[in-house]
Participant: 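Dropping the structure in here first, questions after.
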There are 2 protein chains.
Amino acid sequence: MKKPTISDLAKAAGVSVTTVSHAFSGRRHVDPETCKRIERLADQLGYHPSGMARALRSGRTGVIALASSMPFAVAAGPSRLGFLMEIAASAAMSALTRDLALCLIPPHPTAPSYGTASFDGVILVEPMLDDPLIQHFEQRRTAIVSIGTVPGRPDIPSIDLRSHETACLLLNHLAEQGCRQIAALLGTSPRTSQIESADAYAAFVAQHGTQARLIRLEEEDAENTAYRQMLDVLRTDPAVDGVFASIDAFATGAIRAAHDTDRAIPEKLCVVTRYDGLRAKLSQPPLTAVDLYLPMVAEKAVELLLNQIDGHKHSVKSDLPKLIIRASSQKRGS
Amino acid sequence: MKKPTISDLAKAAGVSVTTVSHAFSGRRHVDPETCKRIERLADQLGYHPSGMARALRSGRTGVIALASSMPFAVAAGPSRLGFLMEIAASAAMSALTRDLALCLIPPHPTAPSYGTASFDGVILVEPMLDDPLIQHFEQRRTAIVSIGTVPGRPDIPSIDLRSHETACLLLNHLAEQGCRQIAALLGTSPRTSQIESADAYAAFVAQHGTQARLIRLEEEDAENTAYRQMLDVLRTDPAVDGVFASIDAFATGAIRAAHDTDRAIPEKLCVVTRYDGLRAKLSQPPLTAVDLYLPMVAEKAVELLLNQIDGHKHSVKSDLPKLIIRASSQKRGS
DNA sequence: GGTGCGTAGCAAAACGATTTGCACAAGCAA
DNA sequence: TTGCTTGTGCAAATCGTTTTGCTACGCACC
């Protein structure tokens, strides 16, 4: 009835546990004859080695975690979909091909109690400045890598999301489309993506000698917040002819606002955003966005984390993001 | 440098490991004075109990898994989003409030090697008839619950997704909208949702005395497959005025086909689908679909799994799904 | 007959917690 | 004095592996 252990199996096969262990791991030679017998009996008894015992002995659980301190509602979008989940799905695949399992650990209100589970390492998605998750895992001596650099912590290995380049791509594209008065909708949280977007925007307006219209928005209920703000902006500041949104839901909110104030897109107002998710693709009109190569980023993060766990300090660089031009900013003839 | 263990802490505090253990667990009384001292020292040394050791001793890892034997591309949609990920996000939340972590285990091509990680239990999403995952976890004596009943295995505890009722809701809605010649686009896999949809459809056409048009489609590259099939159907069978799609991507494929054959939606052709995900919501026109209450389903699945792990045979019932009528089937004035 | 070497196997010590049974007080009643 | 309880603490067993050191045998080579 109970699960057979290695010593049950050893007893049944008339050998010692050592021999059974070696038979499976191949760390030492055991007689092929004996090997066969052990395997046959293992099958018969339904023996499977205990992951917990193995973990204790080897110090490896075979589990890595994926965490984001962003509220789930934001990270995963209104329908629990989006950025984080796209990374999660890719990372889970990458992890499994390396015989690892991927744990999803959401930011719980009453955290950091974070259960009893222990991980070999953790991938943090766009952590903030002084993110409590970092403190949590550093205390536990858990290997950390980050997707997106960590503000103020260049020592933490990360996959650079190239947010500066991304912002430049989008802003230059707007300029090429003839936009002169560009508003930026950025989140308030101190994450690299927002910081670099703000920097790029500041540099852009300085270079073009145009007026800065930097609008900081809370990321909760992003679409509605952006909608209300943009309604206001479009009414009081009719010169605005471009919107650079750092979060896809900001962009769709802006589109709704444009619609309600009778601004034709893209003729009167171009809207572009950063993350090319389902939201951007299915928006009406579809949103110009940037392919961040998230599956590749996730794959590299897993790779980097494994190096980190093994103590190698190997560094990993990610490819440059690529602009995907769609109807929300593509003017005729250009 | 190394992580302090319980005996390091005991030594530092001048007590035995037993006392330290009790101080934290509260399983026996220890002097409040001693308690304070231990806690202070634990903080100072940065002591955190090892999850692995605890798991070995207690037989609980504190980790549950979420698995689907559906290819990820299908379960999660073309952009790695959708049904499975929505469940995953909700389940992760529910799990954490119970001090559990949720592991995502994708169906790997070279499975079932499934790493070394061990789980207290597993939630299977819409398993098929004779699903290899079931065999895998039963062999390991891992507690199983299923989202959607398991065909041929009424003994496995599950959250019934009410696919029969869902299909009826959709078919009756189409009938009310005046559709007489309804085609059904169903997947080929032997999952309860497809089986019950087929049954409901058969009963429906029998009752209404209309012609059955049951089209079975592979779930790989669902949208394109459905698009091509429906193109064919709409050309050769112009009487068709309704489409019942069991998978959201089938529905969007059908919409594209309707568009390319100049069928106005919903006037000439009504399209409805089952899962009310982002795809259905953002489709043009938006798709009539069914709210399956996935967050609630995920929550109940976690609850059921915990009961299962503890040996309680508590059963859980899910609420009835609710129809969400949208433009893809809503005719004027009705 | 010593020396060296390859093969096959075992016993025991980790890994780091939890839990059980026991010990030694002090306090109080009979 | 004995008996009983309550408070406090410890030593040792346990969970199921992996890994290290050791034995023992057989065979060949100087």
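What you see is a predicted model, and the numbers here were worked out from it, not measured in a lab. A, B, ... follow the sequence lines: proteins, then strands. Residue 1 opens every chain.
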Participant: In whole Å, I'd like the distance from the CZ atom of F24(B) to the P atom of dG16(C).
Facilitator: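 The answer, rounded to whole Å, is 16 Å.
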Participant: Under a plain distance cut-off of 3.5 Å, with no hydrogens placed, do T19(A) and S16(A) share a side-chain donor-acceptor pair?
Facilitator: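 Result is yes, a qualifying pair exists.
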Participant: Just compare dG9(C), dT18(D), dG16(C) and give me whichever is closest to any side-chain atom of L56(A).
Facilitator: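 Nearest nucleotide to the side chain: dG16(C).
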Participant: Would you mind reading off the distance between I38(A) atom CD1 and dA8(C) atom P, rounded to a whole angstrom?
Facilitator: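 It works out to 13 Å between those atoms.
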Participant: Just call it for S50(A): base, sugar-phosphate, or nothing, with non-hydrogen atoms closer than 4.0 Å on any strand.
Facilitator: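 Counting heavy atoms under 4.0 Å across all strands, the contact made by S50(A) is with sugar-phosphate only.
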Participant: Rounded to the nearest Å, what distance is computed from the CZ atom of residue R27(A) to the P atom of nucleotide dG9(C)?
Facilitator: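 So the CZ-P distance, R27(A) to dG9(C), works out to 19 Å.
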Participant: Under 4.0 angstrom, heavy atoms only, what part of the nucleic acid is T34(A) near: base, sugar-phosphate, or nothing?
Facilitator: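 Contact class for T34(A): sugar-phosphate only.
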Participant: Taking only side-chain nitrogens and oxygens of T18(B), does any of them come within less than 4.0 Å of OP1 or OP2 of dC10(D)?
Facilitator: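 No, T18(B) has no side-chain N/O under 4.0 Å of OP1/OP2 on dC10(D).
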Participant: Do you see a donor-acceptor pair shorter than 3.5 Å between the side chains of E126(A) and S68(A)?
Facilitator: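 No, because no side-chain N or O of E126(A) sits under 3.5 Å from a partner of the opposite role on S68(A).
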Participant: Would the base of dA17(C) count as contacting S7(B) through its side chain, where contact means a donor and an acceptor less than 3.5 Å apart?
Facilitator: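 Check fails, no donor-acceptor contact within cut-off.
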Participant: Need to verify one output field. Residue with the more 5' nearest nucleotide on DNA chain C, M52(B) or S25(B)?
Facilitator: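 Comparing both residues, the 5'-ward one is M52(B).
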Participant: Quick one: do the E299(B) and S90(B) side chains pair a donor with an acceptor below 3.5 Å?
Facilitator: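 The answer is no; no qualifying pair exists.
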Participant: Once you round it to whole Å, what is the distance between C1' of dC25(D) and NE2 of H29(A)?
Facilitator: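 From H29(A) NE2 to dC25(D) C1': 15 Å.
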Participant: With no hydrogens and no angle check, just 3.5 Å: does a side-chain donor-acceptor pair link D160(B) and T149(B)?
Facilitator: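 No - no donor-acceptor pair under 3.5 Å links their side chains.
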Participant: For DNA chain D, whose closest nucleotide is more 5', that of R57(B) or that of P32(B)?
Facilitator: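 Taking each residue's closest nucleotide, the earlier one in sequence belongs to P32(B).
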Participant: Starting at atom CZ of R28(A), determine the distance to atom C1' of dA11(C), rounded to an integer number of angstrom.
Facilitator: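 In whole Å, dA11(C) C1' and R28(A) CZ are 12 Å from each other.
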Participant: When all nucleic acid strands are considered with a 4.0 Å heavy-atom cut-off, which category describes T5(B): base, sugar-phosphate, or nothing?
Facilitator: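 Result for T5(B) = sugar-phosphate.
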